[in-house]
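A quick write-up on the structure given underneath.
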Amino acid sequence: MRLPLRSFCIFSSFFCRSRTAAAQRRGLSGAAMRLVQFRRHSDGDGVRVGVEQGEGLGVVDLKAFDPSMPSTVRELLELGDKGLECAQRALESGQCLVDRSTIQLLSPILAPEKVVCVGMNYKDHCLEQNAPIPNEPIIFSKFPSAITGPYHDIMLPPESQEVDWEVELAFVIGRRGKLIKEEDALSHVAGFTVANDVSARDWQMKRNGKQWLLSKTFDSFCPLGPALVTTDAVKDPHNLGIRCLVNGETVQSSNTDQMIFKTAALIAWVSKFVTLTPGDVFLTGTPPGVGVFRNPPIFLKRGDVVECQIDQLGSIINKVV
């Protein structure tokens, strides 16, 4: 049956709006990938972008596949769909594989412009400390220099005796924006990863006016990784099991469905104040089970091993030294 012209135009308009809405919900390129950064043991300081064939599987060297591609994930995101589509082609090719035993995995994002953190963002974490549910996101920051790799050491600073763990879902901005509407926010997300918001509780709760920045931003206080998992590879980021283990013992276990302010709301809120740029990292809060609220409190010591896990994203394992 042939539709009248007016009916066809109405149908076409509806179809286009539907496609636009779908594009806003999906990732930047519509591709499901695990992006990593690595350094060959023989390369010294040379950073490379890789695409994992799967969690813990082979890594495709993107620059070896296409020499025009950049050497960092942040620069790749700045290329927009062009960069991510090239990464997808590299993955599909199965070429330029590197042996994992010859590389050191780094944080999937190095030197972001911003590391935005959210406090008190899990309902069950608020309950564990008898704190009210926030009416608006509580925002603080870490300096980018706090970022370390997924398997690198956490360094205990001599200035603190009360260093604590916090497993967190992190996401990375893939597209520049300011005053972003909540309904458009997910189109600005490149992907998700695992973070540990390591915290010096004595500085957070007792010293320096009880402001949070210094307590959160010692060197190595932001392990991140192992991969940047693009949005299309994560079925629902707000329904993921999230756990932290210290020396093999589970100390935190919850689900990201406990988040009070979810990804889109956080982007809309923060972008009221600052312009978000590709590579910006958001840490979205931690569930209950942190050391400071245990009876008696427990803090990290040299030799401890902290593992942070999130379903579909992987795990990061960091020794305390």
Side-chain angles (χ1 to χ4, degrees), residues 27-29 31 33-39 45-52 55 59 61-63 69-81 83-84 86-87 103-118 140-152 154 166-177 186 188-198 216-217 219-234 237 263 266-267 270-271 274-285 308 310 312-318:
L28 298 180
S29 70
M33 293 181 290
R34 298 177 59 90
L35 300 172
V36 298
Q37 286 186 141
F38 67 92
R39 178 182 293 123
D45 294 331
V47 178
R48 312 281 282 192
V49 177
V51 190
E52 282 190 318
E55 185 179 349
V59 174
D61 184 336
L62 183 58
K63 200 167 185 66
M69 286 293 103
S71 296
T72 69
V73 170
R74 179 179 173 181
E75 292 171 314
L76 184 73
L77 296 179
E78 289 171 347
L79 293 177
D81 281 346
L84 294 177
C86 182
I103 64 174
Q104 177 189 40
L105 215 58
L106 309 174
S107 165
I109 292 290
L110 296 170
E113 184 178 280
K114 293 180 281 296
V115 181
V116 180
C117 305
V118 187
F140 62 98
S141 182
K142 288 177 177 279
F143 292 135
S145 56
I147 291 177
T148 193
Y151 310 119
H152 289 59
I154 296 170
E166 292 191 14
V167 60
E168 305 208 6
L169 172 71
F171 65 85
V172 176
I173 296 297
R175 187 157 64 89
R176 184 183 180 89
L186 293 183
H188 290 260
V189 178
F192 298 86
T193 192
V194 184
N196 186 353
D197 178 18
V198 183
K216 301 280 189 172
T217 204
D219 290 348
S220 79
F221 269 29
C222 190
L224 202 64
L228 179 62
V229 183
T230 60
T231 55
D232 294 274
V234 182
T263 300
L266 294 173
I267 291 173
V270 173
S271 70
V274 297
T275 299
L276 301 180
T277 61
D280 285 349
V281 177
F282 277 66
L283 275 60
T284 61
C308 296
I310 301 180
Q312 300 181 36
L313 304 183
S315 66
I316 57 177
I317 304 172
N318 306 96

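From a predicted model like this one, the values you see are computed outputs, not experimental measurements.
A donor-acceptor pair under 3.5 Å is absent between the side-chain atoms of Glu166 and the main chain of Val198, judged by distance alone. A donor-acceptor contact shorter than 3.5 Å is absent between the side chain of Thr148 and the backbone of Pro223. Distance alone, capped at 3.5 Å, places no donor-acceptor pair between the Ser107 side chain and the Leu110 backbone. A donor-acceptor pair under 3.5 Å is formed between the side chain of Arg74 and the backbone N or O of Ala111. Counting only distance, with no hydrogens or angles, the side chain of Thr230 and the backbone of Met33 share a donor-acceptor pair below 3.5 Å. No donor-acceptor pair closer than 3.5 Å links the side chain of Glu52 to the backbone N or O of Val36.
The structure places NZ of Lys216 at 9.0 Å from CG of Leu283, a figure rounded to the nearest 0.5 Å. Between the CD1 atom of Ile103 and the CD atom of Gln37 there is a distance of 12.0 Å, given to the nearest 0.5 Å. The structure places CG of Leu276 at 10.5 Å from CG of Leu266, a figure rounded to the nearest 0.5 Å. If you take OG on Ser71 and CZ on Arg39, they are separated by 12.0 Å, rounding to the nearest 0.5 Å. Here the straight-line distance linking atom CD of Glu168 with atom CG of Leu224 works out to 10.5 Å at 0.5 Å rounding. Note that OG1 of Thr277 and CD1 of Ile173 are 8.5 Å apart. Values are rounded to the nearest 0.5 Å.
Proximity of Val51 to Leu35: side-chain heavy atoms (C-beta onward) are separated by under 4.5 Å at one or more points. Using a 4.5 Å heavy-atom cutoff, the side chains of Asn196 and Ile154 are in contact. Contact annotation: the side chain of Arg176 approaches that of Pro278 to within less than 4.5 Å [non-hydrogen atoms, C-beta and beyond]. Side-chain atoms of Leu84 and Leu76, non-hydrogen and from C-beta on, do get closer than 4.5 Å to each other. Here the side chains of Val274 and Lys114 are in contact, with some heavy-atom distance below 4.5 Å. When side chains are defined from C-beta on, Val194 does not count as touching Pro150, because their heavy atoms never get closer than 4.5 Å. Under the 4.5 Å side-chain criterion, counting only non-hydrogen atoms from C-beta, Ser220 is not in contact with His152. Within the 4.5 Å cutoff, no side-chain heavy atoms of Leu186 are placed close to those of Thr231.
Residue Thr193 comes nearest to Ala227 through the heavy atom pair OG1-O, 2.8 Å, listed as atom of the first residue, atom of the second, then distance. When all heavy atoms of Ser271 and Gly177 are compared, the closest pair comes out as CB-O, 4.4 Å. The two residues Leu313 and Arg34 make their nearest non-hydrogen contact at O-NH2, 3.0 Å. Minimum interatomic distance between Pro144 and Glu113 (heavy atoms only, all atoms of both residues): CG-O, 4.2 Å. Here the shortest heavy-atom pairing between Val281 and Ala170 reads CG1-CB, 4.5 Å. Across all non-hydrogen atoms, the minimal contact from Lys142 to Cys222 is CD-CB, 3.9 Å.
Residue Phe143 places its CZ atom among 12 or fewer non-hydrogen atoms of other residues, nucleotides or ligands, all under 6.0 Å distant.
Only one option out of Val234, Val189, Val116 pairs with Phe171 in a side-chain contact (heavy atoms from CB on, under 4.5 Å); it is Val189. When each of Asp61, Leu79, Val49 is paired with Met69, the side-chain contact (heavy atoms from CB on, under 4.5 Å) condition holds for Leu79 and for no other.
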| Is there a side chain to side chain contact (heavy atoms under 4.5 Å, CB included) between Ile109 and Leu77 once you walk through the steps? | CA-CA 10 Å; Ile109 292 290; Leu77 296 179; 4.3 Å; yes

